[in-house]
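Here the structure is laid out as structure tokens; the discussion comes afterwards.
Throughout, residue positions are numbered sequentially from 1 according to the sequence presented. Counting convention: from 1, in listed order, for ligands and their atoms alike.
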Amino acid sequence: MATGEAALFARLGIRREEDLALHLPIRYENETRVTPIAAAGSGRTVQVEGVVVHSEIVARGRRALLVELRDDSGTITLRFFHFYGSQLRQFAAGRRVRAYGEVRGGLFGPEMAHPRYRLVSEGEALPQSLTPVYPTVSGLGQGRLRAAILRVLDTLEWPETVAPEALRALGLPATLEALRAIHRPAPDVPAEALQERTTPAWRRVIFDELLAQQLSLARARAVRAGQRAPALPEDALARRLVETLPFALTGAQQRVWREIGGELAAAQPMNRLLQGDVGSGKTVIAALAAAQAIGSGWQAALMAPTEILAEQHLRKLEPWLARVGARIAWLSGSLRESDKRAVRARVAAGEVDLLIGTHALIEDTVAFARLGLVIVDEQHRFGVAQRLALRARHEGAAMLPHQLMMSATPIPRTLAMSYYADLDVSVIDELPPGRKPVTTKLISAGRREQVIARVRAAAAAGRQAYWVCPLIEESETLDLQTAIETHAALQAELAPYRIGLVHGRLPAPDKQAVMSAFCEGRLQVLVATTVIEVGVDVPAATLMIVEHAERFGLAQLHQLRGRVGRGAGESTCVLMYRPPLSAAARERLKTMYESADGFEIARRDLAQRGPGEFLGARQSGEALLRFADLERDGDLLEAARRLAARMLREQPDRVQAHLQRWLGGREEFLRA
Ligand code: ADP
Ligand code: MG
């Protein structure tokens, strides 16, 4: 290929011949049939063929090239907004054109905007099978890309990386055969199966991709097992901490603490995800882990995604751990530079046992004297790169710190197997005793008065309420404005009760002041943007109002609702919505009304949104999946996992070859 073209291919990630063969269609188009123009109904995607009657460039309104085509049944207009002058000459009257696209009913008859088209001669044969459509970049047309792919498929050597008996058992074809069938499907392949990627050929490719992912995750795990971490066996501090807690650990907390405490005592780095529904009591487990690290003479770091959340941890952990003699420090972006410097110096000198904070913990300038344990709260909020960075604090040192990640977002099994296969998982599946289930009410915004009355009654009874402002898509400014207006309105409506306001733009000290006032009961209502979504813990708050609840996602609503129901009192979550609701919003609110179980909500969330969106774009492992769909391909994932284990034991050469072919240099991400 020419150099300019090579750059275009490179932008598609195509460098090797194999990459070209693995550049798979996003969909197929059916050009095997020609539809008579008169029969091409509006809204359908079809291929028509006709002779050019007339073509012109019109300048009225938006400049466009219009081409009128006629066949025996009628006429249709092709409309192009982006075009070259040469295209006008191409469409000289009398030329025969095949056009493929969606038909729309225009003012002057049917139209196709930007169809794909070809000039043909009369009676030219139609393709026998579906036409693949590839992801591409501007400057590289489908025809050119397809030709390059087909050429390479004829000459490419593709030694099989999966043992033939394994393929036979799974009923899957050889890879090269599968690739040919995907790029140049045979006429008799059912179009639907091809589109939905359920033909044997597609399943083979998807299987290979999942196998590569499972192999590399397993390898990452093996590498980790070979690495060293400080053994943190001393649990006297942790035991003392348990004794001083104002409550007894639940059975589930005891079980996960045994798992975690035991693993910290070993000299291999722990890489563990602690999952537990909102309010299940993960923080105390973090405190115990920190105590065990500190008791063994090492430092611990606790990182949270927001300043408010990190601050809550400080507030909670400080009294617990100070009682057992630990030295705790705080580091966040909003500290004065000189204070930050002082904290960093104490951390480097080993005078801090537990450092709590935000992203500031992973800035280059923080060097720990003896970092033994890293705790990351709400880990899904951090990107892979950030988690790597915290780990890398110890790059060059002989030992890696142990890593404990916490999340309230439960991950369904197929996802856990695939995206987090390098993590061990502990689950707290029990809430502390005495929690009363939160009553959820759906109330139309038209009945706001009733909601106000409810808040007033709660305040009169000495209880507190959160009032969460509507989410405004991608506009922090509007978010802020709404919060300020809501705050002002509520102050008037709820006088003489005291109403506080927190939002993302508030300077950290002000934020802290408001939060303390609310925690200490000096404010009856806290108006907030979603900054309170994670981690805030105020037991006397028993009422949660979410305005425009239909704009929030399921996970967010569940998190928000989890802010109440933390004390002994009856709690209520009011989801206010503004009709009319879209079908998806109705479904979400119904789910919230029907279920209080984080796992069930996550399952429905996944079903409604699909895994990509569910996980956020940056999770580890995801970068490795281009074709697989975990909902559709669950069976292949199981099979890939089993085969991966066997190959690693018995066929190291095949493992190497398979990874090389599928991943090239993309394995980096798996170390997070
Ligand atoms: P999350 O898992 O959402 O982070 P927290 O750790 O913030 O939950 O715990 C929620 C609340 O429950 C806190 O007030 C915490 O002190 C309390 N808590 C935790 N464990 C227990 C327990 N075993 N018994 C009673 N209360 C508990
Ligand atoms: Mg928490």
Side-chain angles (χ1 to χ4, degrees), residues 238-239 241-258 260 272-291 302-321 323 354 356-358 375-382 404-411 425-438 464 466 515 518-521 530-542 544 555-569 571 573 596-599 601-602:
R239 251 181 291 128
L241 179 55
V242 172
E243 283 158 16
T244 60
L245 286 174
F247 48 74
L249 295 184
T250 62
Q253 283 171 321
Q254 289 176 27
R255 174 171 48 72
V256 304
W257 172 237
R258 271 197 302 277
I260 292 167
R272 191 170 279 273
L273 177 65
L274 174 58
Q275 269 184 16
D277 207 345
V278 184
S280 62
K282 296 182 291 292
T283 313
V284 67
I285 301 297
L288 289 170
L302 169 58
M303 179 164 85
T306 66
E307 190 129 331
I308 287 193
L309 181 52
E311 157 86 15
Q312 286 269 325
H313 282 307
L314 180 68
R315 201 184 274 281
K316 192 116 222 173
L317 297 191
E318 188 150 42
W320 287 347
L321 285 165
R323 221 174 292 149
L354 172 61
I356 297 179
T358 56
I375 303 167
V376 183
D377 196 15
E378 302 296 339
Q379 62 89 25
H380 58 284
R381 291 280 190 112
F382 289 98
L404 176 63
M405 286 166 281
M406 306 198 286
S407 177
T409 304
I411 296 149
V425 180
S426 294
V427 181
I428 306 184
D429 52 3
E430 178 186 357
L431 293 180
R435 293 279 169 80
K436 301 226 178 70
V438 177
Q464 291 168 285
Y466 297 101
M515 292 308 294
F518 188 65
C519 289
E520 289 155 18
T530 46
V531 289
I532 62 158
E533 187 192 328
V534 285
V536 180
D537 185 28
V538 181
T542 56
M544 164 68 64
Q556 268 181 320
L557 289 174
H558 181 63
Q559 287 274 357
L560 285 170
R561 184 170 59 186
R563 296 308 110 214
V564 293
R566 297 191 153 222
S571 294
C573 174
D597 172 358
F599 276 85
I601 290 174

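Minimum interatomic distance between T244 and R323 (heavy atoms only, all atoms of both residues): O-NH1, 3.1 Å.
For ligand 1, the atoms sitting less than 4.0 Å from at least one non-hydrogen atom of S280 are 2 (O), 8 (O), numbered in the order shown with element in parentheses. Residue-ligand proximity, K316 to ligand 1, at heavy-atom distances under 4.0 Å covers atoms 13 (C), 14 (O), 15 (C), 16 (O). The distance from ligand 1 to the heavy atoms of T283 drops below 4.0 Å at these ligand atoms: 4 (O), 5 (P), 6 (O), 7 (O). For ligand 1 and V278, the ligand atoms under 4.0 Å from any heavy atom of the residue are 3 (O). Interface atoms of ligand 1 facing L249, defined by a heavy-atom separation under 4.0 Å, are 23 (N). The T250 neighbourhood of ligand 1 comprises atoms 23 (N), with distances under 4.0 Å to a heavy atom of that residue.
Under a 3.5 Å cut-off, the side chain of Q253 and the backbone N or O of G281 do form a donor-acceptor pair. Between the side chain of R255 and the main chain of S426, no donor-acceptor pair closer than 3.5 Å is present.
Ligand 1 has a nitrogen or oxygen under 3.5 angstrom from a nitrogen or oxygen of K282. Between P539 and ligand 1, no pair of N/O atoms sits closer than 3.5 Å.
Just one residue in the list V425, V376, I375 forms a side-chain contact (heavy atoms from CB on, under 4.5 Å) with M405, and that residue is V376.
Proximity annotation for atom 27 (C) of ligand 1: of G565, G562, P432, P432 comes nearest, heavy atoms only.
Shown here are the side-chain contact (heavy atoms from CB on, under 4.5 Å) partners of A310, two or more places apart in sequence or in another chain: A304, W330, T358.
Contacts with ligand 1 closer than 4.0 Å are made by no heavy atom of I428, backbone or side chain. At a heavy-atom distance under 4.0 Å, no atom of M406 approaches ligand 1. With a heavy-atom cut-off of 4.0 Å, A248 touches ligand 1 through its backbone alone.
Not a single heavy atom of Q312 sits less than 4.0 Å from an atom of ligand 1. Judged by the shortest distance from any of its heavy atoms, G279 lies inside the 4.0 Å radius around the atoms of ligand 1.
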Where do L557 and I601 land on the side chain to side chain contact (heavy atoms under 4.5 Å, CB included) test, with the steps shown first? CA-CA 10 Å; L557 289 174; I601 290 174; over 6 Å; no
List the steps, then state whether side chain to side chain contact (heavy atoms under 4.5 Å, CB included) holds for R563 with V278. CA-CA 8 Å; R563 296 308 110 214; V278 184; 3.3 Å; yes
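In summary, E243 and R239 do not engage in a salt bridge, as defined by a charged side-chain N under 4.0 Å from a carboxylate O.
Below 30°, between 30° and 60°, or above 60°: for F518 and Y466 the angle between ring planes is between 30° and 60°, a tilted geometry.
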